[in-house]
Number of protein chains: 4
Amino acid sequence: MDGTRQRRRGDTRQRIQDVALGLFAEQGYEKTSLREIAERLDVTKAALYYHFKTKEEILVSIFEDLTKPIEDLIEWGRRQPHTLDTKQEIVRRYSETLAEAAPLFRFMHENQATVRELRIGEDFKARIQSLRDIIIDPDADLVDQVRCASALFTLHAGMFLLQDLEGDPEERNKAVLEVATDLVTQAHRGAGGS
Amino acid sequence: MDGTRQRRRGDTRQRIQDVALGLFAEQGYEKTSLREIAERLDVTKAALYYHFKTKEEILVSIFEDLTKPIEDLIEWGRRQPHTLDTKQEIVRRYSETLAEAAPLFRFMHENQATVRELRIGEDFKARIQSLRDIIIDPDADLVDQVRCASALFTLHAGMFLLQDLEGDPEERNKAVLEVATDLVTQAHRGAGGS
Amino acid sequence: MDGTRQRRRGDTRQRIQDVALGLFAEQGYEKTSLREIAERLDVTKAALYYHFKTKEEILVSIFEDLTKPIEDLIEWGRRQPHTLDTKQEIVRRYSETLAEAAPLFRFMHENQATVRELRIGEDFKARIQSLRDIIIDPDADLVDQVRCASALFTLHAGMFLLQDLEGDPEERNKAVLEVATDLVTQAHRGAGGS
Amino acid sequence: MDGTRQRRRGDTRQRIQDVALGLFAEQGYEKTSLREIAERLDVTKAALYYHFKTKEEILVSIFEDLTKPIEDLIEWGRRQPHTLDTKQEIVRRYSETLAEAAPLFRFMHENQATVRELRIGEDFKARIQSLRDIIIDPDADLVDQVRCASALFTLHAGMFLLQDLEGDPEERNKAVLEVATDLVTQAHRGAGGS
DNA sequence: GATGAATGAGTTTTCATTCAT
DNA sequence: GATGAATGAAAACTCATTCAT
């Protein structure tokens with residue numbers, strides 16, 4: 001039996017998402033044409049339109065599938081007391097989530113201008129803000145607020161911009177996490193935590 | 001005398017750059033068409049081609065004009081001893097430069113996917129790396145290296161992503177600078193500086 | 001028992017025709033896609049192809065079902081003597097037929113450019129010509145011939161173009177019929193009838 | 001000198017309108033593609049877009065150019081007393097206008113479904129209504145109102161639907177005009193004119 | 001009596017770029 | 001120091017149609 005052909009049955013939708021995300025992350029959203037995606041999958045452009053109503057919907061569907069864990073994390077965070085432990089746990093779990101869906105987050109990071117006009121732009125922004133609101137004490141001083149925001153940027157950027165730093169990726173990720181955790185911790189202390 | 005018309009004489013090149021940067025920063029590079037730029041300036045597309053050979057060249061020229069100060073800063077930094085003072089000064093001056101050409105840097109930040117394929121992408125990356133190399137002690141431990149990189153991201157992101165944080169912009173910028181300086185200082189101490 | 005579902009059994013063909021005619025009349029033939037028809041019926045496009053071989057065939061089948069009365073009328077008319085009474089009766093019965101299948105005739109009227117290239121275009125034209133030939137005396141003078149033709153247009157257009165005239169629809173239709181009858185009558189008199 | 005090439009300079013816009021109107025009238029608006037228009041003019045599709053912003057705009061521009069005389073006629077009609085003479089004059093001049101821009105009016109007549117959704121649909125409808133309002137006495141009885149409307153249809157349809165009637169076109173047009181004038185006259189008498 | 005998945009040929013529209021004047 | 005007119009390539013998207021199941 002032809003396993004390749006067999007497996008293709010029914011998972012075209014998934015394959016489109018995979019290939020699309022790959023290309024979006026590599027070249028950007030605008031520079032990736034549906035022709036290119038279709039060619040790489042060896043189907044016609046029209047087949048893409050059978051599975052998704054628009055180009056944007058391809059992206060939206062990827063986004064929704066892959067950012068579910070963040071929604072869960074926010075949900076969880078909201079129900080916890082705002083202790084240092086909680087904050088550190090948020091940072092840790094967020095960094096894990098980022099690593100697991102690295103291509104998507106790399107895409108989001110590098111295509112902000114594009115994404116801003118798309119529906120997911122708002123969604124993503126809102127999510128990050130929610131995370132920040134859990135980590136930041138609203139009555140902390142401005143510097144500590146910036147520290148918390150910076151912790152999140154550091155996680156984001158750590159994934160994409162540090163690829164030239166020496167050391168193996170795992171260690172690098174650990175270092176990034178440590179810096180982010182540190183920033184949150186300092187902010188917590190400054191805000192009167194013990 | 002018609003000052004407007006008078007002043008327009010001979011500075012069309014500059015006006016193109018201004019309008020283009022505004023649109024690039026607002027909508028992204030790909031989504032900004034030459035038609036749009038021309039219309040906003042009330043000239044024809046062909047006029048743009050009198051002043052610039054390609055669309056990319058418009059961007060390149062803007063980039064080169066506005067990032068001269070960074071080149072100078074790097075040059076300066078390289079001739080200084082790698083003391084804490086120097087590092088802090090670099091951070092301070094870099095933050096000033098970013099603020100002065102905010103639209104360009106916002107553009108660079110939000111269009112990384114696009115810019116990566118353009119000539120200026122490489123240039124910009126190289127410059128940031130140069131800055132980092134001045135700030136980072138090559139034999140510091142990885143965590144401290146990340147701290148330095150993080151200081152730079154914080155400056156960058158601080159300009160664009162914190163606009164919803166309360167407080168007036170000036171204070172916010174001061175807070176951002178303080179966090180960045182702090183990160184560099186911690187890194188310096190950790191690396192065995194005094 | 002679910003009457004809706006029950007009744008749907010087996011009359012899908014009819015339902016397709018109904019929905020299609022509605023959309024064709026409302027938006028035109030070209031602007032109505034099979035997707036739209038299918039969606040409105042909550043079936044797939046492929047289902048339409050089970051019942052009809054092509055898009056055109058849907059229209060043809062509607063046309064054939066609904067213009068049977070006109071064929072009968074022509075048949076009848078041909079066997080009558082060409083008296084004034086016959087002519088008036090033709091006009092009267094034609095106006096009834098038009099009213100009964102108003103959406104179809106509205107469609108035919110408003111989509112002549114499209115319909116001309118379709119099979120039914122020829123058929124329809126031939127039918128109207130047949131009617132005209134019954135009403136018109138071939139040796140009447142040209143003006144009277146035009147009067148007869150005009151009587152038919154008036155019936156057609158009366159259905160669609162006078163909807164903004166005040167008065168209730170029934171009275172309007174009566175008025176239209178009177179004008180048409182009048183035209184035929186004048187033509188008959190002019191041609192030497194008594 | 002190459003007159004053809006020479007003459008092409010600067011009248012491309014006009015040539016687009018001519019060819020487009022020809023095709024629109026022949027095949028309908030939807031079935032006429034820009035590719036077809038461009039090919040027939042031996043230019044690229046993009047050239048069409050240099051002269052017109054959209055496909056619809058091509059049609060709009062044709063419509064506006066060719067229906068100016070009707071606007072003038074309405075203007076004139078409004079300033080005249082509502083005598084029988086005026087009405088007859090309107091009918092006469094309207095028939096002339098129709099004849100002069102026959103392809104456009106044929107197009108409007110045969111593409112009503114399409115045109116209804118376009119901007120010009122509303123415009124055209126409004127214009128015909130204006131004419132009718134000049135011809136119709138608002139307190140005439142319904143039958144006479146229908147007669148006036150019928151006069152206008154007769155003019156319209158007379159141009160397109162009677163092409164199979166024997167007799168040379170000029171005589172046919174005269175006959176059509178006579179029937180239309182007659183209808184208006186009868187309506188005027190019925191309404192209490194002398 | 002229908003669906004799910006796909007195709008091929010087409011559509012309108014946009015873009016960066018060119019060049020004679 | 002510019003414009004008017006055009007092009008070639010490509011984009012996103014739509015449509016009627018097919019066919020194995």
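Per chain, numbering begins at 1; letters A, B, ... match sequence-line order. We use all heavy atoms of the structure for the numbers below, so side chains are in, but hydrogens, waters and symmetry mates are not. Computed from a prediction, not measured in an experiment: that's the story for all the values here.
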Whether A:Phe105 and A:Phe124 hold their rings parallel, tilted or perpendicular, with breakpoints at 30° and 60°: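 It falls in the tilted class, 30° to 60°.
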Strand-adjacent residues in residues 26-40 of chain D, judged by heavy atoms under 4.0 Å from DNA chain E: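 Hits under 4.0 Å, by residue number: D:Thr32, D:Ser33, D:Leu34, D:Arg35.
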Whole angstrom is fine here: how far is it from [atom1] in [X] over to [atom2] in [N]?
X: B:Asp42; N: F:dA2; atom1: CG; atom2: C1'; value: 13 Å
X: C:Ile58; N: F:dC15; atom1: CD1; atom2: C1'; value: 13 Å
X: A:Lys55; N: F:dT14; atom1: NZ; atom2: P; value: 15 Å
X: D:Leu41; N: F:dT7; atom1: CG; atom2: P; value: 10 Å

Cationic N near anionic O, under 4.0 Å, D:Glu39 to D:Lys45: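 Between D:Lys45 and D:Glu39 there is no salt bridge, as every charged N stays at least 4.0 Å from the carboxylate O atoms.
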Taking 4.0 Å as the cut-off, does a side-chain nitrogen or oxygen of [X] come that near to OP1 or OP2 on [N]?
X: B:Thr12; N: F:dA2; result: yes
X: A:His51; N: E:dA6; result: yes
X: D:Tyr50; N: F:dA5; result: yes

From F:dC13, F:dA6, F:dT3, nucleotide with atom closest to A:Tyr49 side chain: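 Closest nucleotide to the A:Tyr49 side chain: F:dC13.
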Any side-chain heavy-atom pair of B:Val60 and B:Phe52 under 4.5 Å: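 Side-chain contact under 4.5 Å: no.
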4.5 Å side-chain heavy-atom contact, A:Ser61 and A:Arg13: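 Result yes, sub-4.5 Å side-chain heavy-atom pair found.
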Side-chain donor/acceptor contact of A:Lys45 with base of E:dT7 under 3.5 Å: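 Flag unset: no donor-acceptor pair detected.
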5′-ward residue of the pair D:Lys53/C:Thr44 relative to DNA chain E: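 The residue closer to the strand's 5' end, by nearest nucleotide, is C:Thr44.
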Any-strand Watson-Crick or G-U partner of E:dT13, both distances under 3.5 Å: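 E:dT13 is paired, partner F:dA10.
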Any pair counted as side-chain hydrogen bond (donor to acceptor under 3.5 Å, both in side chains), so long as it reaches residues 46-57 of chain A, sequence neighbours left out: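 For residues 46-57 of chain A, and leaving out neighbouring residues, there are no side-chain hydrogen bond (donor to acceptor under 3.5 Å, both in side chains) pairs at all.
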Contacts of D:Lys68 that satisfy side-chain hydrogen bond (donor to acceptor under 3.5 Å, both in side chains) - sequence neighbours left out: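 So D:Lys68 forms a side-chain hydrogen bond (donor to acceptor under 3.5 Å, both in side chains) with D:Asp72.
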Given DNA chain F, 5'-ward residue of the pair C:Ala46 and B:Ala47, judged by closest heavy atom: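 The answer here is B:Ala47.
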